[in-house]
Amino acid sequence: MARFRLVSLLVAACGSALPLLGRCHASSVPTAAAAPLASDAADDSATCLLQRAPAERRLHAELPASAAQIAEAQSSSKQQQEEEALFDVGEDSKAGDSRCRVLGGRVWLSQKGADYLVERFTPEVVKLIENLELAAIEGSMMRFKYKVNDIRIAKLVVEKPVVHFEKGKGLHVHVPNISVNVSMHYRVDGEDWFNPLYSGGRVHAVVAKDTTGTGLIEVGVSPAGNPHLNATMHKLSIGLKSLELSGTVFAGLTNFVTKLFKEKIEDMLSDEILTLVEWFFNEKLNSYMDVLDLLIPLPLPDGFNVSSVDLRLCGVHTSTAAMVVDISGAIIDPSKPHLVYPEDPMPLPRGPPMPLEDFENTMVAMMLTKWTINSGLWLYNEEHLLKSTIAQQDLPASSLIVLNADSLRPLIQNNPDVPRWWWTATTDGQKSQFSLDVACTAMPEIDFKDGKIGVTAPASVGFKLDGVSTANLYTTQVQMPVSFEMSMSINSGTVPQQLNVNLEYASALPITIVGVNLLRSDTEPSAKSSTPALGASSSWWGWPTPAPANGAQYRVNLWAMSAWIEMLSRLALVPMANDAMGAIEFPSAMGIDLVNSSLEVTDHIFFSTGFVANASRVMEIAYYGEPEDPHDWGEK
């Protein structure tokens with residue numbers, strides 16, 4: 001049972017940690033006109049374990065095409081090529097070189113997502129500028145000394161910035177109509193003894209609303225695989241709308257001070273705001289990015305919870321329609337970095353496998369393939385975890401399946417090597433029990449079909465007698481192809497959203513009796529044979545299984561055993577797996593909540609989502625560091 005639960009939870013947990021996505025259309029198949037990124041290029045002949053390229057789509061002209069049909073096909077082909085060109089990233093941005101050997105997944109940030117992020121964080125920049133303490137200005141001009149201090153920005157109004165993706169560079173930002181009210185204290189004195197003029201007071205300046213600014217935000221990858229921002233403000237054109245002075249009655253001096261301060265204040269505000277905006281992105285937001293933990297632990301049972309989904313970035317590229325983020329997408333054991341899945345994934349499509357209109361209406365899309373799940377199964381293979389023991393206490397209390405002598409007797413007949421006392425209940429009515437040792441005999445196979453994930457795993461099952469002094473005393477051992485189907489869906493109506501994983505079918509037929517492995521209870525340990533488990537393909541796949549003490553082969557009721565195994569699968573293992581998985585919540589992560597998410601399984605796992613950013617929470621982390629638990633980021 002735990003064998004079912006392990007593989008099913010492993011598949012399900014991939015979905016919970018990596019929200020997956022959407023609708024597939026013809027453009028999802030790479031063509032010569034839609035070559036993958038340079039970092040994706042892989043020999044088409046190379047195939048990853050248990051993963052094969054989807055069948056080539058062919059056009060069958062059973063009937064002569066009419067002129068209208070030909071025109072429609074040409075128009076459709078042209079539209080498809082135009083959509084594919086929107087995701088042509090051209091040359092990589094300077095900071096976007098890949099840090100990964102292979103790319104296991106791809107994420108697309110849409111224009112809608114970029115607009116939302118800029119809209120949410122603009123108020124944080126405004127608050128930062130309004131709380132800014134500007135440095136004093138002092139100097140001399142035309143035989144007058146001047147000093148301006150206590151400079152305060154009383155009110156800053158910024159219209160919504162306009163952003164667009166600049167191919168091969170990053171996110172271009174244009175900030176229209178900036179209005180600022182500034183107040184400050186001034187002092188002007190004549191430098192010479194014969195110039196007794198002086199003045200002091202306050203200056204109130206209003207920056208004209210037609211003030212604008214432009215800049216570029218490059219997104220790269222840090223050595224640790226986290227996003228890294230490089231913001232450059234190219235221009236901020238500030239013009240004062242008005243300048244009011246108080247504290248002087250000399251008209252000539254007022255004109256002089258106004259002329260003096262106008263240029264100085266404009267230059268000062270321009271320099272300070274440009275510097276502050278770059279500092280906000282390059283220092284504070286990067287501080288937030290640096291504490292993002294993109295190794296997401298898989299919610300598996302104790303004993304199997306050694307793995308995490310690696311969502312660390314490999315490279316960032318920009319097209320005219322999206323920011324394209326390549327990710328590792330592998331399932332790894334962070335404590336054993338030397339365990340690296342050796343197979344290569346299939347090349348990823350340039351654009352998301354969904355209609356352009358649908359993509360434009362979402363914020364983020366992500367694609368994974370069977371390679372991600374295969375990497376996890378390979379890891380558990382390497383760590384010898386694709387095996388488990390099922391005992392009576394592991395079964396549901398309401399289960400009709402009972403692992404005791406009475407249920408075993410019809411399955412195994414004429415077993416003189418089983419101690420007679422084992423078949424007899426104790427004086428208080430307690431019956432001897434047995435357990436099931438289950439182990440894979442080969443790597444499980446994964447199949448995506450009809451919106452479901454199918455898993456087939458050749459397995460061996462040993463019926464082990466409990467309470468017998470000799471360790472691992474098996475009454476028999478069978479081989480069977482354990483197979484099941486899982487469906488995954490997202491309940492976007494709950495807060496937080498939930499990933500529902502449902503094991504819909506399981507089977508373990510046909511079975512094959514590979515032998516009866518018994519060791520007499522009175523046999524000395526030194527007499528044990530080192531023969532590996534029957535049906536095992538390697539020394540560790542099976543459980544330690546002694547050879548028969550007398551070489552006898554005992555009768556097994558094949559029909560009864562088949563029926564019992566099928567009942568175990570349907571009545572016990574399926575309910576247990578579903579209870580173990582339950583509904584997996586998408587937690588709030590460092591101020592970010594996923595909303596309106598959707599998931600679809602076709603020939604890949606595809607996830608699209610919107611998100612809500614708590615900008616104040618993000619900045620709290622940016623200023624004060626990461627939370628104590630990097631995977632439980634507290635209140636929103």
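Sequence positions, counted from 1, serve as the residue numbers for this chain.
- Between Leu499 and Leu599 there is a side-chain heavy-atom pair separated by less than 4.5 Å.
- Thr232 OG1 to Phe281 CZ: the interatomic distance, rounded to the nearest 0.5 Å, is 11.5 Å.
- Counting only heavy atoms from C-beta outward, the side chains of Thr122 and Pro161 approach each other to under 4.5 Å.
- The structure places NZ of Lys112 at 11.0 Å from CD of Glu360, a figure rounded to the nearest 0.5 Å.
- Residues Glu124 and Ala615 approach most closely at CG-CB, 3.7 Å, considering heavy atoms.
- Listed by chain and residue number, His172 satisfy the ring pair (Phe, Tyr, Trp, His ring centres under 6.0 Å) test with His164 (two or more places apart in sequence, or in another chain).
- Closest approach of Met590 to Val618, counting heavy atoms only: O-CG2, 3.6 Å.
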Can you check side-chain contact (heavy atoms from CB on, under 4.5 Å) on Val306 and Tyr380, steps first, answer last?
CA-CA 9 Å; Val306 300; Tyr380 276 75; 4.1 Å; yes

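- Between Ile331 and Tyr341, the closest side-chain pair of non-hydrogen atoms is not below 4.5 Å.
- Here the side chains of Leu377 and Ile446 are in contact, with some heavy-atom distance below 4.5 Å.
- A distance of 7.0 Å separates CG of Asn282 from NE2 of His228, quoted to the nearest 0.5 Å.
- Here the CE atom belonging to Met363 is positioned 9.0 Å from the CG atom belonging to Asp115, to the nearest 0.5 angstrom.
- Nearest heavy-atom pair across Ile490 and Ser598 is CD1-C, 4.0 Å.
- The two atoms that bring Glu382 and Leu339 nearest to each other are CB-CD2, 4.3 Å, heavy atoms only.
- Leu216 is listed as a side-chain neighbour of Lys169, based on a closest heavy-atom distance under 4.5 Å.
- The line from CZ of Arg312 to CG of Leu292 is 13.0 Å long, rounded to the nearest 0.5 Å.
- Heavy-atom minimum distance, Tyr116 versus Ala613: OH-N, 3.0 Å.
- Not counting sequence neighbours, the partners of Glu504 by the side-chain hydrogen bond (donor to acceptor under 3.5 Å, both in side chains) test are Lys452, Ser487.
- A salt bridge links Glu383 to Lys336: one of the charged nitrogens lies within less than 4.0 Å of a carboxylate oxygen.
- Side chain of Thr318 to main chain of Phe165: no donor-acceptor pair is present (N/O by atom type, distance under 3.5 Å, no hydrogens or angles).
- In this structure the side chain of Asp603 never reaches within 4.5 angstrom of the side chain of Lys370, judged on heavy atoms.
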Chi angles and distances behind the side-chain hydrogen bond (donor to acceptor under 3.5 Å, both in side chains) call for Thr609, Ser597
CA-CA 4 Å; Thr609 188; Ser597 303; 2.6 Å; yes

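- For the residue pair Met289 and Pro227, the shortest heavy atom distance occurs at CB-O, 3.2 Å.
- Here the CG atom belonging to Asn502 is positioned 11.0 Å from the CD atom belonging to Glu485, to the nearest 0.5 angstrom.
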